[in-house]
Protein chains: 2
Amino acid sequence: MGAKEKRNRNKEEFRREILNSARDLFIDVGYEKFSMRRLAEKINYSPTTIYLYFKGKDDLLLAICEEVAEQFLTKLSHIRSVQSNPYEALRHTMLYLVEFAFDNPNHYKVFFLTRPDVYGTHEEFMNRESMARNSYFEFRKIVQVCIGAGKLRPMDIDVLTQVLATAPHGLITMTLYQNSFPWIDRKVLATTLVDGLLRGFQQ
Amino acid sequence: MGAKEKRNRNKEEFRREILNSARDLFIDVGYEKFSMRRLAEKINYSPTTIYLYFKGKDDLLLAICEEVAEQFLTKLSHIRSVQSNPYEALRHTMLYLVEFAFDNPNHYKVFFLTRPDVYGTHEEFMNRESMARNSYFEFRKIVQVCIGAGKLRPMDIDVLTQVLATAPHGLITMTLYQNSFPWIDRKVLATTLVDGLLRGFQQ
DNA sequence: AGCAAACATTAACGCAGTTAAGTAATAGTA
DNA sequence: TACTATTACTTAACTGCGTTAATGTTTGCT
C-alpha cells in the first residue's frame, strides 16, 4: 500500500480534500444515496478515517452546505449593490433564490429539509455567525429599503420578510419533490409568483 | 402462544389493524423514527409478517397518507360548498392547507417530501385516481370559479393554480423544518401570505 | 534506541429494509 | 381417516447504514 505520501499532508489540507470529494459525490449520487461508506471508498480510505476530520455525517454535510451558502450570500450582496432600484433588487433576489435551488437541488435538500436543529435554539441561531443567518439579514435589509422607499406597504418588517422569503420555497420543494406532477415551466411559475406576490404588497 | 384466534380474522381486517397501529406509531414517534421493526414490535408480530399485507415501507406510508389526504379532500369540497363567495372559498382553502399541514406534520413530510415517484409518470398521475390528483382538481376548480366571477385576473388557469397552491408550502416546510429560526407566529404569516398573494392577482 | 504523538485500520455494535427458507396449523378431499 | 395443499407466521440471514472502541503502524523527537 502506497501509504507513504498520505502522511505528507497537513490536517487542514486533507480536510479540504475530503470535503471536495464529498461535494462531488454528493452532487453526483444525490442526497439520498450519499453515505460515509461510499465517500470512504471514493477517497480510498476507511470510513473511520473521515471521523478524524469531521465529527460525523451531519457535520460534513453542513460544511458542504455552508460552502454553497457562501456563494449564495455573495450573490445576494452583489444583486443589492448592482441594482439601484430597490424593488428590482428585491425581485431579482427572490428570483435568484428559486434559480439557486434549481441549480443546487441536493444542497437545497440538505440545507432546508434535513436536520432541523443544527443551528441550536432561536437565540443561538441569531447570535452565532452562519451563512443562513446572514442571508436572512441580507434579505431583510432589501425588504427594509423597499418599505423605506415607499415601494412596499409599511408593515412589520419581519412578517413581510418571512412571507416573501418563504413563499418561493413552496414552489421549489414542490417542483423538486413531486416529480410525478405535470408542472408548468418552473421559470414561468417563479416569475408569476414573485411578481404577483410583490404586487400584493405594493402600496 | 395464543396463535389460535389470530387465524380467525380475514385478510382485509388484519390489514386495517396494521394500518391503524402504523398510523398511531407514525403520529407518536414521527416520520424519522418510524420503522417496520418498531411497528412489528408494537403489534406483536415479526417484521416479515407486515410484508404479507403491504409491499414495503413506502406502500405502508402511502396508505397512511392517502387516509389523511381523503380527510383533506373532503374538507376542501366542504369549504367550496359552504362558501358562496368564491374568493372567500379560495382564501379559506389556502388557509386550510396551511392549518392542515401544521396539524399533521408527519403526514405532510411523507406526503410531500419523500419518495418523489410513487405516482409514476406525469401521464400516470393525471390518469390514475389518487387523493393527490383529486385535490389538485378541486383546488383548480375553485380558482377557475374565481376567475370566472371576475375576482381574479384572467390568465392561464394552471399557472395560477400552481402558484397559489405551492406558495403556502414554502411557509409550511420552512417553519416545519427550520426549528432554530425565530419565526413569527405561523398563523400571522399564513394570513399575511394568503391575503397578500390573492391581492396580487386580483384585477 | 526508545517513546509519544499522529494517522489509519479492523472489528464490531445497533439499527434499518427486505428476502428466502422453514414451520406449524388449518381446510379440503380421497 | 389419512394425505395433501394452502394459509399464516417465524427464524435466519443479507445488505447497507452511522458510529465507536480497540488496535496497529508510521513518523518525528529526545
Practice task
Grab the CG-P distance between D58(B) and dG17(C) for me, whole Å please.
Solution key: 10 Å
Exercise for the section: With the side chain counted from C-beta on, respond yes when V29(A) and N106(A) share a heavy-atom pair under 4.5 Å apart, and no when they do not. Expected result: no
Fill in the blank from the handout: Atom CD1 of I50(B) and atom P of dG17(C) are separated, to the nearest Å, by 9 Å
Exercise for the section: Tell me whether the guanidinium CZ or amine NZ of R133(B) lies under 6.0 angstrom from the six-membered ring centre of F125(B) and within 45° of its axis. Expected result: no
Handout entry: Length of the NZ-C1' vector between K11(A) and dT27(D), whole Å
Key = 15 Å
Exercise for the section: Determine, stepwise, if the pair F100(B) / F111(B) fulfils ring pair (Phe, Tyr, Trp, His ring centres under 6.0 Å). Expected result: CA-CA 12 Å; F100(B) 178 82; F111(B) 208 86; 8.5 Å; no
Handout entry: Charged N-O contact under 4.0 Å between E67(B) and R16(B)
Key = yes
Problem - Side-chain N,O (Y53(A)) to OP1/OP2 (dA8(C)) below 4.0 Å - result: yes
Problem - Separation of dC9(D) P from E17(B) CD (nearest whole Å) - result: 10 Å
Exercise for the section: Starting from C1' on dG18(D), measure out to CG on D59(A) and report it in whole angstrom. Expected result: 14 Å
Problem - Closest to the P47(A) side chain, choosing from dT11(D), dT19(D), dT20(D) - result: dT19(D)
Completion exercise
R15(A) CZ to dA6(C) C1', in whole Å, measures 18 Å
Handout entry: Atom-pair distance (CG on N44(A); C1' on dC7(C)), nearest Å
Key = 16 Å
Completion exercise
Side-chain contact check for L52(B): nearest option of dC7(C), dT19(D), dC9(D) is dC9(D)
Handout entry: Separation of dT11(D) C1' from Y45(B) OH (nearest whole Å)
Key = 17 Å
Handout entry: Quiz item: S46(A) side-chain donor-acceptor pair to dT10(C) base, under 3.5 Å
Key = no
Problem - Nearest-nucleotide pick for Y51(B), side chain only, options being dC9(D), dT19(D), dT18(C) - result: dT18(C)
Handout entry: Under-4.0 Å side-chain N/O to phosphate OP1/OP2 contact, T49(A) with dT9(C)
Key = yes
Sequence neighbours left out, cut at 3.5 Å: what donor-acceptor pairs do the side chains of residues 69-79 of chain B make with other protein atoms?
| from | atom 1 | to | atom 2 | distance (Å) |
| --- | --- | --- | --- | --- |
| T74(B) | OG1 | E70(B) | O | 2.8 |
| S77(B) | OG | L73(B) | O | 2.9 |

Nucleotides 13-17 of chain D: which of its N/O atoms have a protein N/O under 3.5 Å away?
| from | atom 1 | to | atom 2 | distance (Å) |
| --- | --- | --- | --- | --- |
| dC17(D) | OP1 | S35(A) | OG | 3.1 |

Handout entry: All pairs passing side-chain hydrogen bond (donor to acceptor under 3.5 Å, both in side chains) where residues 185-196 of chain B contributes a residue, at least two apart
Key = R91(B)-D195(B)
Completion exercise
With five pairs defining each end axis, the helix from dA1(C)-dT30(D) to dA30(C)-dT1(D) comes out bent, to 10°, by 40°
Practice task
Enumerate the residue pairs fulfilling salt bridge (Lys or Arg N to Asp or Glu O under 4.0 Å) with a member in residues 151-171 of chain A, sequence neighbours excluded, ordered by first and then second residue.
Solution key: R140(A)-D158(A)
Fill in the blank from the handout: Tightest non-hydrogen contact, residues Y108(A) and M174(B), listed as OH-CE, 3.9 Å
Exercise for the section: Examine K57(A) relative to F34(A) and say whether NZ or CZ is less than 6.0 Å from the centre of the six-membered ring and inside a 45° cone about the ring axis. Expected result: no
Exercise for the section: Classify the side chain of T48(A) versus the base of dT20(D) as yes if they form a donor-acceptor pair under 3.5 Å and no if they do not. Expected result: no
Practice task
Would you please name every residue forming a ring pair (Phe, Tyr, Trp, His ring centres under 6.0 Å) with H107(A), sequence neighbours left out?
Solution key: F26(A)
